[in-house]
Amino acid sequence: MSDLWGLGDDGFEEVQRPTPLGAGGGSAHGAIPEALLAGLNPPQREAVEHRGPALLIVAGAGSGKTRVLTHRVAGLLATREAWPSQILAITFTNKAAAEMRERVEQLVGEESRGMWIRTFHSACVRILRREAEEFGFKDSFTIYDSGDVRALLKRLIKERGADITGLTPGGVAARISKAKNELHDVDSWARTASLDNPLDAAFLEIWREYDRELRRANAFDFDDLISQTVFLLRAFPRVAAQYRKRFRHILVDEYQDTNAAQYALIRELTQPVSRGELPDLRDDLPGASLTVVGDSDQSIYAFRGADIRNITDFERDFPGARVIMLEQNYRSTQNILSAANAVIGNNFDRRAKNLWTDSGDGAKIVGFTGYSGHDEAQFVADEIVELTGGGMAYSDIAVFYRTNAQTRALEEVLIRTAIPYRVIGGTKFYERAEIKDAMAYLVTVANPADALSLRRIMNVPKRGIGPATEAALQAFADEHDITLRDAMRRVDEIALGPKVAGAIKDLAALLDEFSARPDADPGEVLRELMSRSGYTDQLRRSPDPQDAARLENVEELIAVTREFRRQNPGGTLIDFLTETSLVAAADELDDSGGQVSLMTLHTAKGLEFEAVFITGVEEDLLPHRMSANEPGGPAEERRLFYVGITRARQRLHLSLAMTRAQFGEVNPAVPSRYLEEIPADLIDWRTPPTTMRASAQPRALGRWRDEPREQFVTGYRTPPPLPKGPKKEFANTITEVRDNSGLELAAGDRIRHKDFGEGTVQAVTGLDKKRVAEVRFDTAGRKRLLVKIAPIEKL
DNA sequence: TGTCCACCAGTTTTT
DNA sequence: CTGGTGGACA
């Protein structure tokens, strides 16, 4: 997908070509080739063939919506109803966009070039860059991620002493984000707020200052990308008319996740264009035809402003809309679907929908209750060994959890068991300090107005430019109404020591040198910046072994920029920065690499796996404690569980623990209310949740204590005895210095394991650091152990 | 200015 | 248990 970012060749000029047909044409075009319709079921086929102003495809999980969407686009192209450049397809992730483009290309080949298949954010960036000059921005603007936003807010809050009022960067960021997603700006919000409230007044002031800083830095935050595009289209009718005329067919994926700003964007783009709005337009043009695909049962982003009413009210919003339901599922077994249907059926207030499949019941859902999170993780690892032993690939297996904190126990056990895995999302590469430093250098070069990035690198590596010096520079900048960067160039006019002044001048000269070459190869720019700034040297000289790893990361980033340039010949620094700002967790997932995928339930949406583990199915985790107070919280959490269940094709595992460790404290855990909602006969409990923990019963869950459901009684078996020996030290077992690489092991050897007790080695495979022992323990069963780090001794 | 240490608070999901 | 912050000292 080399043109994912649409560098060049976006076919905008094709607007000038004759328009094949307006939207809602209907019959004048040729028939859709049978090849594009073959193999579709009746509603799918109708969804591909229907023509009209608006179409809502209610696509249940696994009902083939991507197929429908891509065939629909291919149909528009194949019949010449639309030029590629007249199609705008919007997704939420780059991965979804890439997949769609690829599949359309497979269907119609080169024909598909020039389509806009992009995420909301990248489409908006595209429009904003193109029109930047029009409304007073420079097209070199950069994008602040949530870390940048927090850093900036932190400074602003502190500067005004607003921290004592209780305003936190996180809280303010969330409020601003929410407001922007509802298309408020500072002034419109101020009108609705009661400014008698000192907290609101302080918030408003911070927000105003924050926006001003962004403007000065020539930067947008994430929410601005959408809302500013909407404002742009509203404020400049001629610009709006251009895009309305250009995009004749607009398709939106995951429509249930759109927020108010995104909805407004769609509305703007689907307005008709009247004669006279554009000089070369001879006739009135109807609004673009709109196709949206979504499933309100999979709406899990309300916390981010997604408004489920956008999809439930679609028919009212777009008169003449057609609604098509896709309910046949091609992904999962009937057992999995029955569980999913039963769970989601507890959400009232939804359009009834019933997923079904004709592919058979499949295996039962496997349930497990562990003593602790580690015990649960061990179950996951054991099952994975079992599954892969039966021929399943690691990459066909995924483990889901509600919160990122849950990965620790899982990772620890997976490492110990030598199961290759990958954490999707989580602590990301781009969040590491050294990567942020390196990126800040690039941002500073690309966007000299950005003071935030400049501040970050000003004294990294150490140049003797401390807070006092920085403040002096800033004061000079404010006084002369210039940027911080300009102030650095005029350092001679500021009374500073000669050493400091020299350091500042050197840095400014280095940055300016590259700023002057915006089209240079980003990889080269980064390599030179890192070496000439002394950044790499500083890491290389450091005695701290961690710095060696940091150096590697910086080199990895250089490799990434090189790869970017290779994929996008001529791609500029700004292009690279835009790409990296807009990557989402799910984008990291490339199907290559035989690894188990670990991710949050949110990240899992839109993906599918042969075998799925949903862990931590407990109260306070799923549903999460924080959701309890929010309106619609429990229902949204239920949808989240539903999304998780429906990711599984063949095998589904639900697990929980009786105790959960958080902050080093161990707390009792209670089975999730959602477990009760799954019919008992669908689950095969290896170890059922017990009702023995009277102390752990929360008030709201009387049922678990008072009238335990049959499923837990019939499935009941005595849990295995706790491993003996000294109390468990799970935490940090991995980082503990242990190196068994010298240990000779062979089949038949007897060993003792810290947790599992004594056992017999069955086989040893792998080499050196990757040596894996398969051991049959006397009480704990069969386990795989990574010899190098296993807490074992030979007997 | 830089470094070290002790204390503190905050912990959901993320385009 | 983590990361961030602020103070004390070199």
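In what follows, chains carry the letters A, B, and so on, assigned in the order in which the sequence lines appear, proteins first and then strands, with residues in each chain numbered from 1. Computed from a predicted model, the values in this text were never measured in an experiment.
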Near-ring test Tyr674(A)/Tyr642(A), centroid separation under 6.0 angstrom: no
Ring center gap for Phe92(A) and Phe120(A) short of 6.0 angstrom: yes
Value in whole Å for how far the [atom2] atom of [N] lies from [atom1] of [X]:
{"X": "Tyr401(A)", "N": "dT14(B)", "atom1": "OH", "atom2": "C1'", "result": "14 Å"}
{"X": "Lys95(A)", "N": "dT14(B)", "atom1": "NZ", "atom2": "C1'", "result": "17 Å"}
{"X": "Asp620(A)", "N": "dT11(B)", "atom1": "CG", "atom2": "P", "result": "16 Å"}
{"X": "Asn181(A)", "N": "dT15(B)", "atom1": "CG", "atom2": "C1'", "result": "9 Å"}
{"X": "Glu579(A)", "N": "dT15(B)", "atom1": "CD", "atom2": "C1'", "result": "16 Å"}
{"X": "Leu582(A)", "N": "dT15(B)", "atom1": "CG", "atom2": "P", "result": "10 Å"}
{"X": "Ile300(A)", "N": "dT14(B)", "atom1": "CD1", "atom2": "P", "result": "9 Å"}
{"X": "Ile176(A)", "N": "dT14(B)", "atom1": "CD1", "atom2": "P", "result": "21 Å"}

Side-chain donor-acceptor pairs under 3.5 Å in residues 302-310 of chain A, sequence neighbours left out?
from, atom 1, to, atom 2, distance (Å)
Asp307(A), OD1, Arg309(A), N, 3.0
Asp307(A), OD1, Arg309(A), NE, 3.1
Asp307(A), OD2, Arg309(A), NE, 3.3
Asp307(A), OD2, Arg309(A), NH2, 2.7
Asn310(A), ND2, Thr258(A), O, 3.0
Asn310(A), ND2, Thr258(A), OG1, 3.1

Which nucleotide sits closest to the side chain of [X]: [options]?
{"X": "Arg304(A)", "options": "dT13(B), dG2(B), dT14(B)", "value": "dT14(B)"}
{"X": "Lys462(A)", "options": "dT3(B), dT15(B), dT13(B)", "value": "dT3(B)"}
{"X": "His121(A)", "options": "dT12(B), dT15(B), dT1(B)", "value": "dT15(B)"}
{"X": "Thr603(A)", "options": "dT14(B), dT13(B), dT1(B)", "value": "dT14(B)"}

Asp257(A) to Gln298(A) - nearest heavy-atom pair and separation: OD1-O, 4.2 Å
Pick base, sugar-phosphate or nothing for [X], based on heavy-atom distances below 4.0 Å to the nucleic acid.
{"X": "Arg625(A)", "result": "nothing"}
{"X": "Ser177(A)", "result": "nothing"}
{"X": "Asn459(A)", "result": "sugar-phosphate"}

Just N and O in the side chain of [X]: are any of them under 4.0 Å from OP1 or OP2 of [N]?
{"X": "Thr469(A)", "N": "dT1(B)", "result": "yes"}
{"X": "Ser146(A)", "N": "dT14(B)", "result": "no"}
{"X": "Asn404(A)", "N": "dT13(B)", "result": "yes"}

Ring-base stacking, Phe92(A) with dT15(B) (5.5 Å, 30° cut-offs): no
Asn259(A) vs Val500(A), nearer the 5' end of DNA chain B by closest nucleotide: Val500(A)
Nearest-nucleotide 5' precedence on DNA chain B, Arg402(A) against Asp223(A): Arg402(A)
Sole candidate of Ile465(A), Ile504(A), Thr469(A) that passes side chain to side chain contact (heavy atoms under 4.5 Å, CB included) when paired with Met458(A): Ile465(A)
Quiz item: cation-pi between Arg647(A) and Phe609(A), 6.0 Å / 45°: no
N/O donor-acceptor pair, side chain His624(A) with base dT13(B), under 3.5 angstrom: no
